[in-house]
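Notes to accompany the following structure.
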Amino acid sequence: MTASRTEDSAGAARPRQDAGPPVASPSHHPAGPDTVRGERKGRLYLRRFLRNRMAVAGLVIFALITLLGLLGPSLAPFGYDEVDFLAISDAPGGDHWLGTTGAGNDLFAQLTHGIQRSLVIGLVVSLATTAVSGFVGALAAYVGGWVERVILETIHFLLVVPSFLILALVSNDVGGDWRMLIVVLVAFGWMYYARVVWTLALSVREREFVTAARYMGLGPWTVVRRHILPNIGSMLTIHFTLGVVTTIQAETALSFLGFGVKKPDVSLGALIGEGSSLVYSAPWMFWFPALTLTVLTVSMAFIADGLRDALDPTSQAGGHA
């Protein structure tokens with residue numbers, strides 16, 4: 001059998017090669033290697049998280065409480081600031097599903113509004129403190145020198161300041177405005193974890209890709225944002241989740257002592273503080289907000305525990321990859 005031959009433009013005969021199956025060019029791949037690797041890691045993290053039953057239960061409970069806070073005010077027959085003078089400290093039942101307060105406010109409406117207010121404060125403060133502590137700690141570790149010394153000395157000074165006393169005084173001066181309470185909590189809540197981030201970023205600073213980025217002439221903010229923070233992103237995620245719990249507990253303590261959210265606005269801490277003095281005569285005023293706060297914080301703790309197991313490659317709690 002003779003091989004088929006073809007002639008080129010010069011007339012020389014050469015063997016004809018049959019074309020094989022088309023090969024896609026790497027440049028035409030819909031997603032680059034980093035994108036595919038990121039998607040695989042995301043699916044792996046999700047599978048590991050879903051294997052933790054307590055974390056999934058915590059996520060479901062947190063979602064239900066969040067829905068209650070979002071939809072509850074529209075479902076309540078009364079507004080949280082409306083007063084029913086014919087129902088003062090009434091027990092649960094009738095038009096007031098969870099009873100009323102000593103001032104005649106519907107407890108269900110106040111509870112759902114309190115959930116909404118506490119969640120907003122917790123999420124905003126935790127997000128802001130995570131961002132500030134992450135950038136400040138990573139920048140101090142990367143830049144070094146006098147910048148690192150100034151940042152660390154500032155952190156150490158603020159850590160020994162009686163922050164709770166200052167929080168109480170400032171919150172009392174602003175009249176219980178929840179927006180100013182967020183500012184104060186952020187101002188005194190970022191220092192400790194910035195010290196932790198600085199310690200973690202010191203090891204990342206010596207990695208090869210950070211050294212290469214420095215030699216390429218990238219600025220400190222770019223290196224911190226693109227190379228250092230993503231490599232400690234799992235710890236920042238866990239800190240954000242636990243920070244929500246810590247912030248809600250701090251707001252509850254301040255409101256319980258009368259330094260946090262004040263009337264006519266309400267939060268879970270304010271409701272618990274109001275109901276604590278009536279725990280025997282009107283127990284529903286204390287137990288409903290206290291139970292809601294307990295379930296909320298425990299569910300967030302379960303979520304944080306599941307995230308830690310899912311993002312930690314050395315953890316065996318989430319199963320093998």
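Side-chain atoms are counted along with the backbone in the values below, which use heavy atoms only and exclude waters and symmetry mates.
- Closest approach of Gly306 and Asn52 over heavy atoms only: CA-ND2, 3.7 Å.
- Linking Ile, Leu, Val, Met, Phe, Trp and Tyr residues whenever their side-chain heavy atoms come within less than 4.5 Å places Tyr192 and Leu200 in a single cluster.
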**Study point:** Trace of the side chain to side chain contact (heavy atoms under 4.5 Å, CB included) decision for Leu152 with Arg195
**Key:** CA-CA 8 Å; Leu152 291 180; Arg195 185 71 166 71; 4.2 Å; yes
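- At least one donor-acceptor pair closer than 3.5 Å links the side chain of Asn105 to the backbone N or O of Glu82.
- Partners of Phe286 by ring-ring contact (aromatic ring centres under 6.0 Å, His included), not counting sequence neighbours: none found.
- By the side chain to side chain contact (heavy atoms under 4.5 Å, CB included) test, Pro92 is found to be paired with Trp284, Phe288, residues two or more places apart in sequence or in another chain being considered.
- In the hydrophobic cluster analysis, where Ile, Leu, Val, Met, Phe, Trp and Tyr join through side-chain heavy atoms closer than 4.5 angstrom, Leu98 is grouped apart from Leu86.
- For Leu68, the side chain to side chain contact (heavy atoms under 4.5 Å, CB included) partners two or more places apart in sequence, or in a different chain, are Phe108, Thr112, Ile115.
- Screening residues 273-298 for salt bridge (Lys or Arg N to Asp or Glu O under 4.0 Å), with sequence neighbours left out, gives Lys263-Glu274.
- Side-chain atoms of Ser255 come within 3.5 Å of backbone N or O of Val261 as a donor-acceptor pair.
- Counting side-chain heavy-atom gaps under 4.5 Å among Ile, Leu, Val, Met, Phe, Trp and Tyr, the cluster of Met54 also holds Val298, Phe302.
- Atom CG of Leu296 is separated from atom CD1 of Ile65 by 5.0 Å, given to the nearest 0.5 angstrom.
- Between atom CG of residue Leu119 and atom OG1 of residue Thr247 there is a gap of 11.5 Å, rounded to the nearest 0.5 Å.
- Applying the side chain to side chain donor-acceptor pair (under 3.5 Å) test to every pair with at least one member in residues 214-242, sequence neighbours left out, gives these pairs: Thr130-His239.
- Asp265 and His113 form a side-chain donor-acceptor contact under 3.5 Å, judged by distance and modelled atom types alone.
- The shortest distance between side-chain heavy atoms of Ile303 and Leu307 falls below 4.5 Å.
- Atom CD1 of residue Ile182 and atom CD1 of residue Ile121 lie 5.5 Å apart, to the nearest 0.5 angstrom.
- The OG1 atom of Thr100 sits 7.5 Å away from atom CG of Asp84, with the distance rounded to the nearest 0.5 Å.
- A distance-only check finds no donor-acceptor pair linking the side chain of Gln116 to the backbone of Leu70 [under 3.5 Å].
- Under the 4.5 Å side-chain criterion, counting only non-hydrogen atoms from C-beta, Trp198 is not in contact with Ile155.
- Tracing side-chain contacts under 4.5 Å through hydrophobic residues (I, L, V, M, F, W, Y), one reaches Leu291 starting from Phe256; they form part of the same cluster.
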Point to revise | Leu181/Glu251 under side chain to side chain contact (heavy atoms under 4.5 Å, CB included): CA gap, chis, key distance, verdict | key: CA-CA 8 Å; Leu181 181 62; Glu251 182 273 326; 3.9 Å; yes
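- Scanning all heavy atoms of the two residues, the minimum distance from Pro230 to Val224 falls at CD-O, 4.1 Å.
- Here side chain to side chain donor-acceptor pair (under 3.5 Å) pairs that include residues 291-307, with residues two or more places apart or in two chains, are Asp305-Arg308.
- For Arg48 and Asp309, the salt-bridge test fails: no basic side-chain N is under 4.0 Å from an acidic carboxylate O.
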Practice item. List the steps, then state whether side chain to side chain contact (heavy atoms under 4.5 Å, CB included) holds for Val143 with Glu148. Key: CA-CA 7 Å; Val143 175; Glu148 181 182 30; over 6 Å; no
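- With sequence neighbours left out, the side chain to side chain contact (heavy atoms under 4.5 Å, CB included) criterion links Val183 to no other residue.
- Smallest separation of non-hydrogen atoms from Arg205 and Val210: O-CG1, 3.6 Å.
- Counting only distance, with no hydrogens or angles, the side chain of Thr211 and the backbone of Arg207 share a donor-acceptor pair below 3.5 Å.
- Partners of Ala201 by side chain to side chain contact (heavy atoms under 4.5 Å, CB included), not counting sequence neighbours, listed by chain and number: Ala138, Ala141, Ile228.
- In this structure, Asp95 and Asp106 approach most closely via the heavy-atom pair O-OD1, 4.2 Å.
- Here OG of Ser118 is found 6.0 Å from CD1 of Ile248. Values are rounded to the nearest 0.5 Å.
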Practice item. Run the numbers on Val204 and Phe209 for side chain to side chain contact (heavy atoms under 4.5 Å, CB included), then give the verdict. Key: CA-CA 9 Å; Val204 180; Phe209 53 85; 4.3 Å; yes
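- For the atom pair CH2 (Trp97) and CG (Leu111), the distance works out to 12.0 Å, reported to the nearest 0.5 Å.
- Evaluation of the ring-ring contact (aromatic ring centres under 6.0 Å, His included) rule for Tyr45 yields no partner, not counting sequence neighbours.
- Tracing side-chain contacts under 4.5 Å through hydrophobic residues (I, L, V, M, F, W, Y), one reaches Met191 starting from Leu236; they form part of the same cluster.
- Under a 4.5 Å side-chain heavy-atom criterion applied to ILVMFWY residues, the cluster that includes Phe85 comprises Val83 as well.
- Counting side-chain heavy-atom gaps under 4.5 Å among Ile, Leu, Val, Met, Phe, Trp and Tyr, Ile88 is found in no cluster with other residues.
- Taking each heavy atom of Leu107 and Met285 in turn, the nearest pair found is CD2-CA, 4.0 Å.
- Linking ILVMFWY side-chain heavy atoms closer than 4.5 Å, directly or via other members, places Val161 and Val150 in a single hydrophobic cluster.
- Closest approach of Tyr193 to Met235, counting heavy atoms only: OH-O, 3.1 Å.
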